2 protein chains.
Amino acid sequence: MEKAGQRYSRQREEILKIVRATKTHPTADWVYEQSRHKIPSISLGTVYRNLNLLADEGIIRRLVFEDGKVRFDGNVDEHHHFVSTKTGKIYDIDKKYSQELIDKLYQDTGFKATVCKIEFFGEVDSEEA
Amino acid sequence: MEKAGQRYSRQREEILKIVRATKTHPTADWVYEQSRHKIPSISLGTVYRNLNLLADEGIIRRLVFEDGKVRFDGNVDEHHHFVSTKTGKIYDIDKKYSQELIDKLYQDTGFKATVCKIEFFGEVDSEEA
DNA sequence: CTAAATGCAAACTCTTTGCGGTGAC
DNA sequence: GTCACCGCAAAGAGTTTGCATTTAG
């Protein structure tokens with residue numbers, strides 16, 4: 001899991017722990033604020049560097065939603081998202097919808113996709129206002 | 001189509017014409033460069049203002065892809081996208097895949113989506129390197 | 001004449017980067 | 001001791017905004 005030439009750092013460990021512990025699909029800034037609880041001296045640059053490094057290695061996922069902000073996700077299994085139009089909260093949706101869709105697209109159009117990303121938008125009944 | 005209190009402007013007309021005339025899902029900067037051919041004095045701020053205004057009115061669409069850049073689309077009919085992993089080119093895909101997916105999600109999970117956005121990623125055989 | 005829209009430039013937000021110092025190994 | 005990583009602060013990219021001026025109606 002550790003790449004050659006890479007060293008342990010408390011900062012990276014903490015950042016990874018934070019991203020894995022939440023389902024909120026956080027931005028770099030949110031991770032920065034959280035990490036400061038444990039490591040007050042940590043810098044925003046370090047958070048960005050490590051999030052990108054972890055994402056490049058496939059240890060976490062990098063996502064972009066309609067607001068244009070980059071978000072990170074500790075869940076690297078392929079899956080989709082449901083965005084609440086009321087609160088902006090993002091829920092994980094099972095990956096099972098992909099394959100049939102990809103097959104159908106290929107039959108219809110000849111476009112051969114290897115992956116697909118689905119985002120649903122709607123209201124979630126169980127949410128508070 | 002014109003909203004109350006809104007006035008005609010050559011700049012807005014030109015910007016709309018450019019976005020409608022292309023299938024390249026352009027960024028604001030690209031639209032700016034194009035518009036300068038016809039209106040050399042146009043400013044980037046004006047391009048941004050008008051693209052956002054047109055998008056807010058639903059006359060064009062505002063899109064965000066994985067590169068995090070905002071793009072605009074003259075095709076406002078609901079549709080999906082296929083992104084070439086080789087060239088980054090973005091192709092339009094028919095909307096017909098949505099409804100079945102939304103229905104199935106509701107049956108499976110109770111999440112009631114009103115729209116969904118599908119992005120396919122893959123190689124396109126017909127493309128040049 | 002009124003106020004919408006423009007051009008310009010400054011400001012803002014998010015992200016990356018250069019550098020000197022620190023710490024893992 | 002080496003060099004990966006850090007904290008800091010400056011720089012960059014993309015986008016928005018305040019203001020004086022122009023222009024549609």
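Predicted model only: the values in this text are computed from it and were never measured. Reminder, nothing fancy here: chain letters follow the sequence lines and each chain counts from 1.
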Give the rounded distance in Å between these two atoms: [atom1] of [X] and [atom2] of [N].
X	N	atom1	atom2	value
A:Glu33	C:dC14	CD	P	12 Å
A:Leu53	D:dC6	CG	C1'	13 Å
A:Trp30	C:dT15	CH2	P	15 Å
A:Arg10	D:dC5	CZ	C1'	14 Å
A:Leu51	C:dC14	CG	C1'	13 Å
A:Tyr48	D:dA10	OH	C1'	16 Å
A:Arg36	D:dG7	CZ	P	11 Å
A:Tyr32	D:dC8	OH	P	8 Å

Would you classify [X] as touching base, sugar-phosphate or nothing, given that sugar-phosphate means primed atoms plus P, OP1 and OP2, and contacts are heavy atoms under 4.0 Å?
X	value
B:Asp29	nothing
A:Leu44	base
B:Ser41	sugar-phosphate

Legend entry - Presence of A:Gln11 side-chain N/O under 4.0 Å of D:dG7 phosphate oxygens OP1/OP2: yes

Inset, instruction - Answer yes or no: does a side-chain N or O of B:Ser43 lie under 4.0 Å from OP1 or OP2 of C:dT6? - result: no

Legend entry - Side-chain donor or acceptor of A:Ser84 paired with backbone N/O of A:Glu123 under 3.5 Å: no

Legend entry - A:Arg12 (side chain) donor-acceptor with A:Arg7 (main chain) under 3.5 angstrom: yes

Legend entry - Pairing residues for B:Arg62 by the salt bridge (charged side-chain N to carboxylate O under 4.0 Å, His left out) criterion, not counting sequence neighbours: none

Inset, instruction - Would you check if there is a donor-acceptor pair between the side chains of A:Gln99 and A:Asp103 at a distance under 3.5 Å? - result: yes

So which nucleotide from [options] ends up closest to the side chain of [X]?
X	options	result
B:Ala28	D:dT15, C:dG7, C:dT16	D:dT15
B:Arg62	D:dG7, D:dT16, C:dG7	D:dT16
B:Asn50	D:dT15, C:dT16, C:dT6	C:dT6

Legend entry - Sugar-phosphate or base contact per nucleotide [nucleotides 18-25 of chain C; S, B, -; heavy atom under 4.0 Å]: B----BBS

Inset, instruction - Return the 5'-most residue of the pair B:Gly45, B:Ile15 with respect to DNA chain C, ranking by each residue's nearest nucleotide. - result: B:Ile15

Inset, instruction - Decide side-chain contact (heavy atoms from CB on, under 4.5 Å) for B:Asp92 and B:Lys23; before the verdict, give the C-alpha distance in whole Å, the side-chain angles of both, and the deciding distance to 0.1 Å. - result: CA-CA 8 Å; B:Asp92 284 354; B:Lys23 291 188 167 183; 5.7 Å; no

Legend entry - More than 12 heavy atoms of other groups within 6.0 Å of B:Glu100 CD: no

Legend entry - Check: B:Tyr91 ring centroid to A:Phe111 ring centroid under 6.0 Å: yes

